[in-house]
Protein chains: 2
Amino acid sequence: METPTSRPVTLDDVARAAGVSRATASRVLGGYGFASVDARERVGAAADRLGYVPNITARALVRGAGVRLVVAVSGTDATVLDDPYVDRLVSAAARVCAPHGVGVALEWLPLDAPAGLRRLGDDRSVCGVLLVNTTAPVLDAVPAGLRGRVVSIGTGSPAVPSFDVDNAGGADAVLRHLHAGGRRRIAMVTGPRWLSCAERSVTAYQELMRAAGLPVRLVTGDFTAARGGRAALEALTRWPDTDAIYAASDATALGVIAALRGRGIRVPHDVAVGGFDDIPYAAVSSPALTTATHPVARIATAAATAVLDGRPVPPVTAFPSTLVARESA
Amino acid sequence: METPTSRPVTLDDVARAAGVSRATASRVLGGYGFASVDARERVGAAADRLGYVPNITARALVRGAGVRLVVAVSGTDATVLDDPYVDRLVSAAARVCAPHGVGVALEWLPLDAPAGLRRLGDDRSVCGVLLVNTTAPVLDAVPAGLRGRVVSIGTGSPAVPSFDVDNAGGADAVLRHLHAGGRRRIAMVTGPRWLSCAERSVTAYQELMRAAGLPVRLVTGDFTAARGGRAALEALTRWPDTDAIYAASDATALGVIAALRGRGIRVPHDVAVGGFDDIPYAAVSSPALTTATHPVARIATAAATAVLDGRPVPPVTAFPSTLVARESA
DNA sequence: CGCACACCTGAGAGCGCTACCACCACAAAC
DNA sequence: GTTTGTGGTGGTAGCGCTCTCAGGTGTGCG
């Protein structure tokens, strides 16, 4: 601020201005070790008089700390990065990381790519990794150097702690609501079948149907609206008496509703529709979508915080999912 | 990979393994300066045999380059960071930055806060700033040290180049479509009035209405669905004969449609609704939303690339917005 | 033969910071 | 008086990398 030259202000400048050594200035600004009240005051004053901002890069280098948190999303191709769910995750992580001087990078991790993970483990500028939508083989391939710096959002494993919504609980809540509403021939549009965390809601569906003596009607989806619409039509073709459709995501459910409307099928009169996620648009769809909550931002925040803190975390952290009953079911 | 100790592989290790100096190894791996074919091969082989990954932090320090790109979103409070639009921006930026070893941080920039900007300018670990939804005063407060490293998404200024969708063009396209459909009493739900890039669509609306001899009916919104719904009701109360509503965002439009449905007003039969953004859910809403495209990811990609490249960019880059006619209008 | 001009290489000086270590002053304990 | 802290301080060795510079070796040309 005061420097006539535009040369950035360094710790040396502050130390000199305060009449102390660089070591003392570092101690004061870093808030560790001893420093007299006098020194603290002089350094503090000099620092904000000069507009000193510590150089995160230099600090990270000497401390051996990373400056990037990588969000690695597994999937068959790079289009998995286009999912609004990923957007939300990245955004929440970037918000948590900002005050720590850490930035977030987003990468696609091919399903069969331990190589990509190894590179992340060997990269000293990476302070942590958030594995998203990953599978057991990928989790098993996590290199030792990454242990403790990586958490999974979704599928977990003994080696990698996981953060996720209670998929089974959320599915259960919506399905019971459907059942309580008198629906007895409930089809489900799933997420990608290779995604084991998504399979938990499929399992919940299957168990509930069997327990209630109801038919199991599964159609594969991929969380997108377009695929959801096609899946709904497919379900109706295979089982014309279907009176409810449970979709594994709200986007899927919205696609389902649109497809049903296109066929002149009334929701919820003819077919009830339930979703999962409670995205902002669920409340304003027509009809308003009955769904279960998925606190994506909170999950990402917790996961990023865990990595940033570096403290050990429990192997599984499940966030509760609660029913939001609206009009569609 | 081969190292028995888990000590990370450094350039020194590679150089030693290849039997050359660190300088030569650096030249080969950095791809600059001269290096014999022999040296190139030996260094390359050693590098991937040892699993060498350059330490971005050290490189950034010596080069004086930053490792973070900050997305700073202006607004009256921190809730502006919850907007899916911001999520999309951050995610796209994070994707572009990843291969460059740069991470993205997300911050809220209070509307009256040049201080926050100055700190970013003095921070040597910040390689660039993406200013989002900002205002002229903020733009004027951009410190000299940040010039050339900052671009704006939305409002621009002589000092800061901007990237944005052609707001006026998109608004125009939707409004003309409304007019062509026979609508003559068209109300508009705006974005936040302090946001000058959003005001461009308001201006387009006003000009078109005046040119066509139609009444100007403005209600203030804030891009959210909830506010859109309230705004629609307000418009209908003030001007009961309104036959079309143009919303400044798709989220707003979805809220408008939900509110109209709640009042038993048919869309588009009684009131036509047009939006702006063409979010994924616009295609599956009921009725499907007529809107104009807003290539958010492309804009963010271009903006981030511009900052990363560091080359001068034209003062204004406008991305075309095209009409997507669906059912709601 | 000498000179210019390629191509190629290694030594080494930092980038800005942290943290280890040695040191000093002074007070309390022996 | 000596020992043992204990608060406070500065010197300085790096963290891993880039890049300048000085110094090679070879080839073409006057």
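As a basis for the values below, the full set of heavy atoms in this structure was taken, side chains included, without hydrogen atoms, waters or symmetry mates. Proteins come first, then strands; the chains are lettered A, B, ... in the order of their sequence lines, and each starts at number 1.
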(message) In this structure, how many angstroms lie between the P atom of C:dG16 and the CG atom of B:L61, rounded?
(response) 7 Å
(request) Report the distance from atom CZ of B:R22 to atom C1' of D:dG16, rounded to the nearest whole Å. (result) 8 Å
(message) Before you tell me yes or no, could you show the steps for A:R118 and A:D123 under salt bridge (charged side-chain N to carboxylate O under 4.0 Å, His left out), namely the whole-Å CA-CA distance, both residues' side-chain angles and the distance that decides it to 0.1 Å?
(response) CA-CA 9 Å; A:R118 196 162 46 218; A:D123 190 334; over 6 Å; no
(message) Tell me the interatomic distance from A:R124, atom CZ, to D:dC15, atom P, rounded to whole angstroms.
(response) 13 Å
(request) Compute whether any side-chain donor of one residue and acceptor of the other, for B:S36 and B:D38, lie under 3.5 angstrom apart. (result) no
(message) I want to check one thing: is the phosphate of D:dT20, taken as OP1 and OP2, less than 4.0 Å away from some side-chain N or O of B:Y32?
(response) no
(request) Please state whether the phosphate of D:dT18, meaning OP1 or OP2, lies under 4.0 angstrom from any side-chain nitrogen or oxygen of B:S26. (result) yes
(message) Please determine whether a side-chain nitrogen or oxygen atom of A:S36 lies at a distance below 4.0 Å from atom OP1 or OP2 of D:dT9.
(response) yes
(request) Look at the side chain of A:A23 and decide which nucleotide, out of C:dG12, D:dG11, C:dC17, has an atom nearest to it. (result) D:dG11
(request) For A:L29 and C:dT18, give me the distance from atom CG to atom C1', rounded to whole Å. (result) 12 Å
(request) Search all heavy atoms of A:V138 against all heavy atoms of A:L111 and return the closest pair with its distance. (result) CG2-O, 3.4 Å
(request) Round to a whole Å and report the spacing from CG of A:N55 to P of C:dG16. (result) 7 Å
(request) Look at the side chain of B:R27 and the base of C:dG10, then say whether one donor and one acceptor between them are separated by less than 3.5 Å. (result) yes
(request) Quickly work out the A:R59 CZ to C:dC15 P distance and round it to whole Å. (result) 19 Å
(message) From C-beta outward on A:L11, which listed nucleotide comes closest to its side chain: C:dT18, D:dG16, D:dG8?
(response) C:dT18
(request) Identify which nucleotide among C:dT18, C:dG16, C:dG12 has an atom closest to any side-chain atom of A:R63, counting heavy atoms from C-beta outward. (result) C:dT18
(message) What is the distance, to the nearest angstrom, from the CZ atom on A:F34 to the C1' atom on C:dC23?
(response) 15 Å
(request) For B:A39, answer base if it contacts any base atom (sugar-phosphate contacts may also be present), sugar-phosphate if it contacts only those atoms, and nothing otherwise; contact means non-hydrogen atoms under 4.0 Å. (result) sugar-phosphate
(message) Quick check: on DNA chain C, is the nucleotide nearest B:D38 upstream (toward 5') of the one nearest A:I56, or the reverse? Name the residue that is more 5'.
(response) B:D38
(message) It should be established whether A:T24 places a side-chain nitrogen or oxygen under 4.0 Å from OP1 or OP2 of nucleotide D:dG10.
(response) yes
(message) Could you tell me how far apart B:D12 (CG) and C:dA11 (C1') are, to the nearest whole angstrom?
(response) 13 Å
(request) Please tell me which of B:A58 and B:V20 maps to the more 5' nucleotide of DNA chain C, matching each residue to the nucleotide holding its nearest heavy atom. (result) B:V20
(request) Measure the shortest side-chain to side-chain distance between A:F163 and A:V316 over non-hydrogen atoms and say whether it is less than 4.5 angstrom. (result) no
(request) Select one nucleotide: of C:dA19, C:dC17, C:dA13, the one nearest the side-chain heavy atoms of A:V62. (result) C:dC17
(message) For a 4.5 angstrom cut-off between non-hydrogen side-chain atoms, does A:L109 reach A:L117?
(response) yes
